[in-house]
Amino acid sequence: MLKSTYKPSPGLLQPLPPGWTEHKAPTGHTYYYNATTKESTYKRPGAVPVPMDPATSYFQHQAVPQINLSDPVVANAFMAQYTAPPPQQQQHGGQRGGFGGPGGGRGGGFQSRPRPQPVDKPRSKVAIPGHDPWILVYTKYGRRFAYNSAKNASYWRIPEKLMPAILELDQARIRQKAAGTASAEQEDGKATASSGPVPRKEQQQEQEPPQHDYDSSEYEEVEVTDDEGDEEQDGNAPKRRRTEDAADDGPVEFTEADIAAQLAAMGADYGDEYDGYDEEMDEGDEGLPLSDSDARELFKDLLNDFNINPYSPWDKLIEEGKVIDDARYTVLSTTKARKEVWEEWSCAKIQELKEKRATEEKKDPKIPYMAFLQEKATPKLYWPEFKRKYKKEEPMRDTKLSDKDREKWYREHINRLKIPQATLKADLKKLLESVPLSALNNQTMTSHLPPQILGDIRYISLDPQIRDPFVEAYIQGLGSPPAADERAQEEENEAAKTARNERRKREKALEERERAVAEGKRRQEKKLQFERHRLRDEERELERAMHVSKKGLQSQLAATVVDKPAAEVSAEKNREAIR
Amino acid sequence: MPAIRAASKRKPPPEGFSDLEEDLLVFSNKMKDAQNAPTDNIPKHQAQWPVFQISHQRSRYIYELYYEKEAISKQLYDWLLKNGYADALLIAKWKKQGYEKLCCLRCVQTKETNFNSTCICRVPKAQLKEGQDVQCVSCGCRGCASCD
């Protein structure tokens with residue numbers, strides 16, 4: 001189990017009555033001094049006693065150093081105190097010393113040490129649905145009892161008939177808790193843990209026999225406490241006084257053997273808890289519906305919330321112990337599981353960081369150094385002195401800049417400080433002018449100047465009180481950012497481009513058509529020519545036929561026979577050519 | 001470890017060193033403390049345990065960052081080894097099967113022992129006697145067998 005980190009703060013002690021002050025003696029003891037009566041005492045003076053009201057005096061008596069019973073160690077110590085007094089002490093009452101302060105309450109009888117008695121008080125109440133006059137009251141220590149406002153009776157042991165309704169209530173509460181409030185969980189864990197030590201104390205202090213159960217630590221439902229809470233409820237204080245007196249004087253009917261058994265049982269309980277705190281919690285709290293993956297996510301959330309460096313080793317995380325105080329630390333039961341989740345988380349986180357770094361732009365390391373120079377550099381210090389003086393400063397340790405550069409810039413800056421201001425101003429103006437309008441324009445804020453200005457030595461050599469108005473004035477005088485114009489231009493370009501494209505397309509089409517036309521013409525011409533050829537050929541043939549020689553018809557017939565096939569072949573050739 | 005040069009001539013460490021710088025500084029401070037701690041009342045063989053332990057932790061830290069989480073670059077890892085932030089020889093052993101958790105190199109140096117055996121911390125818990133609590137002489141290791 002994880003020890004509760006709650007520490008009873010001294011502030012919870014009863015405040016000193018007016019006039020008293022607390023001091024530390026050289027020996028280390030605290031003592032109290034009253035400046036008006038010149039009285040000093042080791043015993044803590046309580047508030048001025050009001051004897052006529054027994055209830056209040058009872059409170060005073062009860063007001064002791066608060067101890068946290070949910071802490072097993074404290075609880076054990078607490079119980080040991082009660083086991084210490086020998087049995088005969090219980091017989092005689094009235095052992096109490098003069099009452100008053102918590103320190104003095106038990107004046108030097110058998111116990112010099114003040115007996116710490118927890119003050120439990122009702123803290124919140126819930127009406128039990130379905131059972132009208134009944135109210136479930138929670139005390140400061142996380143215990144609870146049922147109270148019947150009609151009968152004005154309260155019971156530590158919750159009556160059977162209320163059981164289902166209360167279970168319902170608890171489940172609702174747990175559901176609410178599971179939704180995310182982790183700190184409440186721990187408190188509950190504490191509450192269950194405290195059910196062990198509690199009965200003992202109650203057995204001594206209160207005698208409220210009817211509802212009382214001595215083995216109540218074994219019950220989950222029966223949660224017991226000192227009668228503090230009840231007292232306020234039923235308000236029969238005189239009786240309480242009596243019972244308290246009896247109780248104060250030592251354990252009643254509680255033998256050594258009992259105590260030993262209880263202690264052993266408790267020890268076992270805590271041992272279990274140590275191993276698996278959250279399992280214990282689960283069972284103890286009627287089953288927390290927290291799945292494994294949920295637990296892992298919760299633990300990761302915890303790591304995120306505490307801004308854990310994913311690069312740091314696990315040991316460092318544990319040594320620092322920041323995380324351990326958080327309730328979400330306990331959602332995983334073993335350290336091994338926690339480490340596993342941590343490993344997973346850190347891997348993912350580192351990857352995430354890497355990606356982020358890759359996307360975000362690189363910052364010029366020169367800029368912070370220049371700003372630093374402007375702030376710190378003086379002509380009174382030489383570079384080595386300056387360096388030694390400010391070696392711990394972040395810009396001086398940045399490894400991205402070499403020492404040589406740093407020195408160079410420092411010397412340059414110091415030298416420039418001697419130059420008259422007019423020159424510096426002119427230089428700055430020149431620098432500002434060198435920046436294009438896209439980077440520096442009248443929309444630029446003076447706090448977000450472009451890096452090429454911030455990283456320049458000319459920018460820092462002028463005193464900011466003079467420089468800033470100057471830069472501002474310059475910026476005011478500039479034109480508006482060209483971004484809008486550019487866009488317009490771009491749009492125009494776009495239009496022109498499309499137009500050009502269109503035109504090109506049209507031209508291409510035209511060309512195509514022209515070519516087609518030319519082709520057609522050529523073909524026609526060819527055809528014409530061919531026809532002409534053929535005409536001529538035929539004419540020639542006719543001519544030849546007309547021209548008859550003296551050889552007579554025979555020779556002519558022979559010629560035509562020879563000629564005809566030739567003519568036919570040529571005609572066919574022509575036809576083919578046309579095709 | 002390379003010679004330490006003047007800061008003006010030193011090359012900057014590789015990218016990503018700034019992430020580890022703080023933790024490494026914590027380690028080196030711890031190491032300094034361990035080295036300067038008085039050893040008057042401590043048995044002689046125990047005097048160097050903290051030094052071994054811190055060096056182991058630091059090597060482990062860098063080993064995990066490089067091999068398991070892959071959080072640092074090769075250059076940075078080499079630079080760290082070169083500058084003595086981690087023990088390269090020990091890391092070399094961790095890469096071998098059976099030596100994944102080795103505490104220090106002395107514990108596997110069989111030639112240095114009388115019976116040519118490794119250190120008691122190398123013996124798996126299962127093979128030790130019931131309830132036997134060991135702490136090795138060389139580095140105070142309580143058991144570094146891989147199967148533990």
Side-chain angles (χ1 to χ4, degrees), chain A residues 303 307-320 336 339-358 360 362-363 365-366 368-369 383-384 386-388 390-411, chain B residues 4-31 33-34 50 52-77 79-80 83 85-86 91 100-101 103 125 142 147-148:
Chain A
L303 293 171
N307 278 331
I308 302 296
N309 180 4
Y311 289 98
S312 300
W314 168 252
D315 296 333
K316 192 184 167 199
L317 182 71
I318 298 301
E319 266 168 39
E320 276 181 354
K336 204 174 173 186
K339 190 173 178 187
E340 217 168 81
V341 176
W342 167 80
E343 250 161 33
E344 202 183 297
W345 170 84
S346 61
C347 277
K349 194 88 182 169
I350 286 169
Q351 284 307 320
E352 206 176 285
L353 274 179
K354 261 189 192 168
E355 276 160 29
K356 212 165 130 195
R357 260 176 224 170
E360 82 183 8
K362 285 237 165 105
K363 268 190 95 179
K366 214 174 152 186
Y369 180 69
W383 165 247
F386 177 79
K387 192 174 118 185
R388 197 176 331 123
Y390 296 111
K391 66 181 175 193
K392 295 257 169 70
E393 300 285 335
E394 190 58 48
M396 292 295 282
R397 287 191 303 138
D398 193 358
T399 50
K400 302 245 167 41
L401 291 175
S402 76
D403 240 14
K404 256 184 198 164
D405 285 339
R406 269 196 215 120
E407 184 176 351
K408 199 178 81 190
W409 290 326
Y410 179 79
R411 289 183 191 284
Chain B
I4 295 170
R5 295 178 198 289
S8 54
K9 285 166 192 152
R10 215 178 288 162
K11 253 197 280 179
E15 194 74 13
F17 179 69
S18 53
D19 296 327
L20 325 181
E21 205 171 6
E22 243 168 72
D23 295 313
L24 289 175
L25 193 69
V26 170
F27 275 123
S28 68
N29 285 343
K30 263 194 209 166
M31 185 61 110
D33 287 347
F52 272 101
Q53 283 158 3
I54 293 164
S55 117
H56 172 95
Q57 283 167 10
R58 187 163 55 181
S59 298
R60 194 84 206 174
Y61 171 58
I62 289 166
Y63 170 82
E64 275 172 3
L65 277 182
Y66 183 62
Y67 286 103
E68 277 161 30
K69 294 184 189 166
E70 294 171 1
I72 56 176
S73 63
K74 170 93 176 130
Q75 288 105 303
L76 179 55
Y77 176 68
W79 186 88
L80 288 169
N83 285 278
Y85 285 99
I91 290 181
E100 289 91 346
K101 293 178 187 168
C103 56
K125 282 264 187 316
R142 291 182 184 278
C147 54
D148 281 347

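Computed over heavy atoms, backbone and side chain alike; hydrogens, waters and symmetry mates excluded.
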*Please say whether more than 12 non-hydrogen atoms of neighbouring residues, nucleotides or ligands are located less than 6.0 Å from CD in B:Glu22.*
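Counting neighbours around CD of B:Glu22, 12 or fewer heavy atoms of other residues, nucleotides or ligands fall under 6.0 Å, so no.
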*Part of B:Phe27 within contact of chain A (heavy atom distance under 4.5 Å)*: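 It is the side chain, since no backbone atom gets that close.
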*Are A:Arg357 and B:Asp19 close enough for a salt bridge, meaning some N to O gap below 4.0 Å?*
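Between B:Asp19 and A:Arg357 there is a salt bridge, with a charged N closer than 4.0 Å to a carboxylate O.
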*Does the pair B:Lys30/A:Glu319 count as a salt bridge with the N-to-O cut at 4.0 Å?*
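Salt bridge present between B:Lys30 and A:Glu319.
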Let me confirm one number: the [atom1]-[atom2] distance from [X] to [Y], rounded to the nearest 0.5 Å.
X: A:Lys400; Y: B:Ser18; atom1: NZ; atom2: OG; result: 5.5 Å
X: A:Cys347; Y: B:Glu68; atom1: SG; atom2: CD; result: 8.5 Å
X: A:Asp315; Y: B:Asp23; atom1: CG; atom2: CG; result: 11.0 Å

Which portion of [X] sits near chain B, non-hydrogen atoms under 4.5 angstrom:
X: A:Glu407; value: neither
X: A:Asn309; value: side chain
X: A:Asp405; value: neither

*Do side-chain atoms of B:Tyr61 reach the backbone of A:Tyr311 as a donor and acceptor pair under 3.5 angstrom?*
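The answer is yes, because a donor-acceptor pair under 3.5 Å joins these two groups.
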*With a 4.5 Å heavy-atom cut-off, do B:Lys69 and A:Ser346 have their side chains touching?*
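Side-chain contact under 4.5 Å: yes.
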*Minimum-distance pair of heavy atoms, taken over all atoms of A:Lys354 and B:Ala71*: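 Here A:Lys354 and B:Ala71 meet closest at CE-O, 3.6 Å.
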